[in-house]
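Taking it in order: structure first as structure tokens, then the write-up.
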Amino acid sequence: MSPVVMTIVVLCLYLLFFRFYANGFLARKIFDLNSAAITPAHSQRDEVDYVPTNKYILFGHHFASIAGLAPMLGPAIAVIWGWVPALCWVVFGTLLVGAVHDFSALVLSIRHKGHSMGTIARDVISPRTRLLFLLVIFFLVALAMGVFVLVISGLFAAPDAAHIPATAHPEAVFPTYSLMLIAMVIGFFVYKKNMPLWPMIALGFVLMMVTTAIGLDMPVTGLSAGFWTWSLLIYAFIASVLPVWLLLQPRDFLNSLLLYLALFSMLAGFFILSPDWAAPAINPHPVGAPPMLPFLFIVIACGAVSGFHGLVASGTTSKQLDKETDAPFVGYVGMIGESLLALLAVLATTAGAFSSRADWESFYGSWDKAVGLHQKLGVFIQGNANFIHQLGVPLDYAAAFISVVVVGFAMTSVDTGARLLRFNLEEIGHTIGVKALGNRYVATFLAVAAIGFFAFFKVDGKPAGLFLWTLFGTTNQILAGLTLLTVTIYLYRKKKPILYTLLPMLLVLGATVAGMVMGIIEAVEKAQWAVASVGAAIFLLAFWVLVEALLVVRHVRAEHQQ
């Protein structure tokens, strides 16, 4: 099947699953969504974190928050096993697992006062699981955001600022930082001056496109990656403590408009180009690569299912959801959008960036050649730039435009991640009785410090985040499995059908635990004691949560039989 025909089939599947599975079966038969139910955005409205929001605006915030670097990075390396396995998991993993995970996490959170999955696990499973969840969440988010900060700073400038590498895009600096100011102006006039929403959004989008054009012609050079890392950490602190309506929400929505434009342009160019597959359909044993199963699931990560998405859904999105019935559109379709981005990553790296099988194999000939973060971003940008070039856009401008999109969404993940870490530390403080962590400035400072640790602290000469990056995929997937476990226990308590969350949970946990055990063994063999120790700790925490859940199931079953 040609790439074009395959893509048309996938787009049809997205529409059918949303219409009949999410908005029909899951929303009505499993979760009984009620448009008249009062959501936490109304019952706990504080104009800082809890703010009722138009579902289209909230979709933009949610989509931008989850669509960080991972759906571009993961599929761009998973295609080393061939385009068929990568595409199948990106599509069916999303529709049956990842989108169900995101949607159900959002629903559980709005029915538990907008609390995070850690607190929900306490209520649904047992009090002990709360701290276990919170510790896993803290490690995952701090690690991921630390690496995202490193990648963004590398895209802005070379490490020594004396040489700008091919993977650096300093033209993304001006529009990225300008968007912060534009978003704050839009947020202020809409929420405080009652200006009409859509004209202000249109103005913001025009300004965003103007600054993007300026950035393409006026790249900001001469500053080191270290400088940009510090600036990103400062920005993360500010974004985390400001009211959500002032910066985070309008910035994410405007950023999502930029991504919509990029997705449309890339798809349109792809259909015009109508390329053939340069990659093999299946490549089961690449040189130096781990086994395709279970590592296909772990490598693709956020392109199909992600524990981080559950944190966004239960951390910020649930506090802004206006109606319960908005949840399928925001949660389920938001993950479909992520899958579409991952699909374009697959298409770009198997049909767009390479003209022949030999050309493809020169990059994907071995695991070592394909695993670098910047190499993966480079081939993603190159392939999609070739697509947009078909619309008459100069190739260098197309590549620069995509780099702005990539940086913008990585930035969105960073500011959302910092806020989630702040919520996480506040909940940890409440759990262990440390009142100082309840202060949002103290919690945010510690959250940003944790992100900075993974960005700056060196282990064997590498930043800690990059050194421990192999644990991101497994920790992220384990968290997704534990979230689905919590949802399954919730439905079991409510005497609802559990098959639709139980089977995805078993698949995710089974594959990820197997991958983590293999990773720990490999780390021990290589004497990578930090990786082995942290991996073992995450594994034990997850196993403990699973044992707690099994005890609850036995107790609830006894209650049902009485």
Side-chain angles (χ1 to χ4, degrees), residues 21-46 49-53 55 58-59 61-62 66 98-127 129-130 133-134 137 244 307 309-335 420 423-424 426-427 430 479-480 482-502 504-505 545 548-549 552-553 556 559-560:
Y21 188 55
N23 209 32
F25 180 74
L26 293 177
R28 298 174 187 175
K29 301 295 185 182
I30 304 299
F31 290 100
D32 294 324
L33 299 186
N34 181 3
S35 61
I38 299 175
T39 63
H42 292 279
S43 62
Q44 296 169 249
R45 185 169 185 165
D46 63 3
D49 298 314
Y50 292 84
V51 181
T53 304
K55 70 176 182 179
L58 183 58
F59 176 87
H61 156 71
H62 180 78
I66 64 173
V100 175
H101 165 274
D102 295 11
F103 163 64
S104 57
L106 178 57
V107 173
L108 254 67
S109 184
I110 62 176
R111 291 180 174 174
H112 289 81
K113 300 180 180 180
H115 288 157
S116 73
M117 289 311 303
T119 298
I120 295 170
R122 176 201 65 187
D123 299 336
V124 172
I125 301 177
S126 73
T129 58
R130 183 186 193 187
F133 252 90
L134 293 175
I137 290 168
V244 68
H309 295 183
L311 302 184
V312 175
S314 65
T316 61
T317 307
S318 63
K319 297 175 174 62
Q320 303 170 64
L321 196 75
D322 185 36
K323 300 177 182 178
E324 278 195 358
T325 47
D326 291 344
F329 176 71
V330 175
Y332 196 94
V333 179
M335 185 59 219
L420 291 173
F423 292 151
N424 178 266
E426 289 173 354
E427 291 190 69
H430 180 76
L479 182 59
L482 295 180
T483 297
L484 286 167
L485 173 64
T486 304
V487 174
T488 302
I489 299 298
Y490 169 84
L491 293 174
Y492 187 66
R493 285 180 176 273
K494 297 288 185 181
K495 298 183 179 181
K496 290 287 186 178
I498 63 173
L499 192 65
Y500 310 96
T501 57
L502 176 65
M505 180 268 291
V545 173
E548 294 279 352
V552 169
V553 168
V556 174
E559 290 180 347
H560 287 176

Taking the side chain as C-beta and beyond, is there a heavy-atom pair between [X] and [Y] under 4.5 Å?
X	Y	value
R122	M117	no
T53	L321	no
F133	T486	yes
V333	F103	no
I30	T501	no
F31	E324	no

With no hydrogens and no angle check, just 3.5 Å: does a side-chain donor-acceptor pair link D102 and H62?
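Side chains of D102 and H62: no pair found under 3.5 Å.
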
Tell me yes or no: between the side chains of S116 and E427, is some donor less than 3.5 Å from an acceptor?
yes

The side chain to side chain donor-acceptor pair (under 3.5 Å) partner of S109 among S314, S104, S318 is S318

Distance col, row L26:CG vs Y332:OH, nearest 0.5 angstrom, shows 7.0 Å

Would you give the length of the straight line joining atom NZ of K323 to atom CD1 of I38, rounded to the nearest 0.5 angstrom?
13.0 Å

Show the numbers, then the answer: is there a side-chain contact (heavy atoms from CB on, under 4.5 Å) between H61 and T317?
CA-CA 8 Å; H61 156 71; T317 307; 4.2 Å; yes

If we check side chain to side chain contact (heavy atoms under 4.5 Å, CB included) with Y492, which of these qualifies: I498, L502, V487?
I498

Test item: [X] side-chain N/O and [Y] main-chain N/O as donor-acceptor pair under 3.5 Å:
X	Y	result
K55	D326	no
H112	L108	yes
T129	V545	no

Please lay out, stage by stage, how L479 and I137 fare under the test side-chain contact (heavy atoms from CB on, under 4.5 Å).
CA-CA 8 Å; L479 182 59; I137 290 168; 4.0 Å; yes

Can you tell whether the side chains of D32 and K496 come within less than 4.0 Å, N to carboxylate O?
yes

Could you check R493 against V552 for side-chain contact (heavy atoms from CB on, under 4.5 Å), going step by step and ending with a plain yes or no?
CA-CA 9 Å; R493 285 180 176 273; V552 169; 3.4 Å; yes

